[in-house]
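Notes follow once the structure below has been shown.
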Amino acid sequence: MNVEEEVGKLKEEIQRLGQQQPDGSYKVKFGVLFNDDRCANIFEALVGTLRAAKKRKVLTYDGELLLQGVHDNVEITLLPPPAVAAA
């Protein structure tokens, strides 16, 4: 699986596990994502995929590297898709 595919799957999983916000974003805690069985089966390196998605400005979270246990309560925010300009 390439990075773009993994980021796409990560977006789906955050939408599945997270809470939608009024602005269209989704929020999920790192511990929820990390401890989910389905995510564990999809992502070999969840932290690496999160970093790649953050670099692409798909999502945001505090810090650089998230570690299980220590950062379980860090909130990951999947940013809403950019609004399509009316033609």
Side-chain angles (χ1 to χ4, degrees):
M1 201 172 358
N2 70 28
V3 176
E4 297 304 324
E5 276 181 77
E6 285 215 5
V7 169
K9 287 196 182 298
L10 180 61
K11 286 166 65 174
E12 290 172 21
E13 294 306 310
I14 291 173
Q15 289 173 351
R16 178 175 69 87
L17 294 167
Q19 300 292 314
Q20 187 168 16
Q21 305 301 304
D23 66 357
S25 66
Y26 285 83
K27 289 186 187 268
V28 66
K29 294 205 184 297
F30 175 66
V32 171
L33 209 54
F34 191 91
N35 292 314
D36 182 71
D37 287 340
R38 190 161 140 187
C39 285
N41 290 330
I42 294 172
F43 304 107
E44 280 184 42
L46 176 61
V47 173
T49 305
L50 284 166
R51 288 184 72 184
K54 184 176 182 181
K55 194 167 133 184
R56 288 167 173 72
K57 306 214 183 309
V58 170
L59 54 81
T60 185
Y61 55 84
D62 289 336
E64 274 301 304
L65 183 65
L66 297 176
L67 301 172
Q68 185 205 6
V70 181
H71 298 112
D72 282 355
N73 288 322
V74 171
E75 215 162 56
I76 297 168
T77 304
L78 175 64
L79 302 173
V84 179

N/O donor to acceptor pairs below 3.5 angstrom from side-chain atoms of residues 67-80, sequence neighbours left out:
{"residue": "H71", "atom": "ND1", "partner": "L67", "partner atom": "N", "Å": "2.8"}
{"residue": "D72", "atom": "OD1", "partner": "G69", "partner atom": "N", "Å": "2.9"}
{"residue": "T77", "atom": "OG1", "partner": "K27", "partner atom": "NZ", "Å": "3.4"}

(request) Indicate the atoms forming the closest heavy-atom contact of L50 with L59, along with that distance. (result) O-CD1, 3.9 Å
(message) Using a 3.5 Å distance criterion without hydrogens, assess whether the side chain of Q21 forms a donor-acceptor pair with backbone atoms of Q19.
(response) yes
(request) Kindly state each residue pair satisfying side chain to side chain donor-acceptor pair (under 3.5 Å) with at least one member in residues 46-62, sequence neighbours excluded. (result) E4-R56, E6-T49
(request) Hey, could you give me the CG/CZ distance between L33 and F43, rounded to the nearest 0.5 Å? (result) 7.0 Å
(request) Apply salt bridge (Lys or Arg N to Asp or Glu O under 4.0 Å) to R38 and list each qualifying residue two or more places apart in sequence or on a separate chain. (result) E13
(message) Are V58 and L10 packed together at the side-chain level, in the sense that at least one heavy-atom pair is separated by less than 4.5 angstrom?
(response) no
(request) Output all residues satisfying salt bridge (Lys or Arg N to Asp or Glu O under 4.0 Å) with E12, sequence neighbours left out; order by chain, then residue number. (result) none
(request) With sequence neighbours excluded, give me every ring pair (Phe, Tyr, Trp, His ring centres under 6.0 Å) pair touching residues 8-30. (result) F30-F34
(request) Quick one: list whatever passes side-chain hydrogen bond (donor to acceptor under 3.5 Å, both in side chains) with D23, sequence neighbours left out. (result) S25
